Amino acid sequence: NTASCRSAITFIDGDRGILRYRGYPIEELAEKCSFLEVAWLLLHGELPTQAELDQWIAEVKHHTMIHETTKKFLQGFRYNAHPMTMFISTVAALSSVYPECKHVLDPAIRRQEIVRLIAKVPTISAYCYRHQLGFPYVYPDNDLSYPENFLNMLWRMAEPKYSANPVLARALDILF
């Protein structure tokens, strides 16, 4: 039920099994790129150079934490609240922490909010999952890659340092 439209970002031909982002076949991106590289591609129209990618990853990692008041907001949900309800509500509540986000026509603010969302969505998702299980929330570990950090926040228990299965982390990176 996806609407058909002209797009400079995505090309889809379902009958022929073609999906391209910014002209790149999805198979090539899945094989050779990380989620954050593809996110850059979607935003900027080209794959990043190594220097751009390093800066982009650092910028995203800088914003993975959520404000403690947002964490308390999540804790206010009933133990059996639906995770998607929690997720949607918490993403919407970010606007109370970052009131400048209402200035959507300002390109600099819009970009800042894109970075924040890319960074915070895994944290919020993991917290929603752990809330339902009654587990304490695990803060992001920015020494880990984007998918490894998500797995860390989902599954870390008492171990001093979480070590993700590399096959699972890569599969998750492709799924993102």
Side-chain angles (χ1 to χ4, degrees), residues 5-13 18-68 70-71 87 90-95 97-129 137-156 159-176:
C5 66
R6 290 188 189 268
S7 171
I9 297 172
T10 303
F11 173 79
I12 301 172
D13 184 338
I18 298 172
L19 173 58
R20 293 188 186 122
Y21 290 143
R22 300 281 192 179
Y24 290 89
I26 191 69
E27 301 84 4
E28 182 181 329
L29 295 172
E31 183 181 329
K32 298 179 181 176
C33 297
S34 69
F35 166 74
L36 289 177
E37 285 176 285
V38 175
W40 175 277
L41 169 69
L42 296 177
L43 290 169
H44 298 279
E46 298 177 6
L47 287 169
T49 64
Q50 190 61 53
E52 289 169 331
L53 180 60
D54 293 343
Q55 176 60 35
W56 172 242
I57 290 170
E59 189 176 2
V60 169
K61 285 183 175 185
H62 179 74
H63 291 282
T64 56
M65 294 286 284
I66 61 173
H67 196 279
E68 285 296 305
T70 307
K71 189 173 99 172
F87 176 80
T90 306
V91 169
L94 289 175
S95 66
V97 179
Y98 306 106
E100 69 276 11
C101 73
K102 67 184 172 190
H103 302 293
V104 296
L105 298 179
D106 182 322
I109 290 175
R110 191 172 51 244
R111 185 184 186 286
Q112 180 67 41
E113 297 312 312
I114 288 168
V115 171
R116 284 181 175 147
L117 283 172
I118 290 170
K120 292 177 188 318
V121 158
T123 306
I124 294 168
S125 298
Y127 284 20
C128 291
Y129 171 77
Y137 303 144
V138 173
Y139 289 115
D141 179 348
N142 289 330
D143 290 336
L144 300 173
S145 71
Y146 190 86
E148 290 170 335
N149 190 33
F150 181 58
L151 294 170
N152 165 64
M153 291 185 291
L154 284 176
W155 296 332
R156 183 175 173 190
E159 62 271 39
K161 186 75 170 171
Y162 180 81
S163 180
N165 177 319
V167 173
L168 183 57
R170 180 63 185 139
L172 187 59
D173 205 25
I174 292 168
L175 287 173
F176 285 156

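Just so it is clear, the structure is predicted and the values come from calculations on it, not from any experiment.
Within the 4.5 Å cutoff, the side chain of W155 has heavy atoms near those of the Y129 side chain. Counting heavy atoms from C-beta on, the side chains of I66 and V97 never come closer than 4.5 Å.
The closest donor-acceptor contact from the side chain of K61 to the backbone of D143 lies at 3.5 Å or more, if one exists at all. Formation of a donor-acceptor pair under 3.5 Å by the K120 side chain with backbone atoms of H63 is found in this model. Judged by distance alone, with hydrogens and angles left aside, the side-chain atoms of W56 form a donor-acceptor pair with the main-chain N or O of L36 at under 3.5 Å. Under the 3.5 Å distance criterion, the side-chain polar atoms of T123 are left unmatched by any main-chain donor or acceptor of M65. Looking at E52, its side chain does come within 3.5 Å of a backbone N or O of T49 through a donor-acceptor pair. The backbone N or O of S34 lies less than 3.5 Å from a partner atom in the side chain of E37, making a donor-acceptor pair.
Of all heavy-atom pairs between A126 and L154, the closest is CA-CD2, 3.8 Å. The two atoms that bring W40 and E46 nearest to each other are CD1-O, 3.1 Å, heavy atoms only. The two residues Y146 and P122 make their nearest non-hydrogen contact at OH-CG, 3.2 Å. Minimum interatomic distance between V167 and N165 (heavy atoms only, all atoms of both residues): N-OD1, 2.8 Å. The shortest non-hydrogen separation linking L172 to P147 is CD2-O, 3.9 Å. Nearest heavy atoms, C101 versus I109: CA-CG2, 4.1 Å.
Note: I12 CD1 to I26 CD1 = 10.0 Å, rounded to the nearest 0.5 Å. In this structure, L47 CG and E28 CD are separated by 8.0 Å, a value rounded to the nearest 0.5 Å. Between atom NE2 of residue H103 and atom CZ of residue R110 there is a gap of 13.0 Å, rounded to the nearest 0.5 Å. Distance OH/Y98 to OG1/T70: 6.5 Å, rounded to 0.5 Å. The distance from atom NE2 of H62 to atom CG of N142, rounded to the nearest 0.5 Å, is 10.0 Å.
Taking the side-chain contact (heavy atoms from CB on, under 4.5 Å) definition, one finds that I9 meets it with S7, R22, L42, sequence neighbours left out. Partners of Y24 according to the ring pair (Phe, Tyr, Trp, His ring centres under 6.0 Å) rule, which considers only residues two or more places apart in sequence or in another chain, do not exist here. Here R111 pairs with E59 under the salt bridge (charged side-chain N to carboxylate O under 4.0 Å, His left out) rule; sequence neighbours left out.
At a threshold of 4.0 Å, the pair R116-E113 counts as salt-bridged, since one of the basic side-chain nitrogens sits closer than that to a carboxylate oxygen.
Y21 OH: 12 or fewer foreign heavy atoms inside a 6.0 Å radius.
Using the six-membered ring where Trp is involved, Y127 and Y137 have ring planes that are parallel, under 30° apart on the 30 and 60° scheme.
Between the side chains of N152 and E148, no donor-acceptor pair is found at a separation under 3.5 Å.
For the pairing with Y162, the side-chain contact (heavy atoms from CB on, under 4.5 Å) check across L151, V138, N149 returns one residue only, L151.
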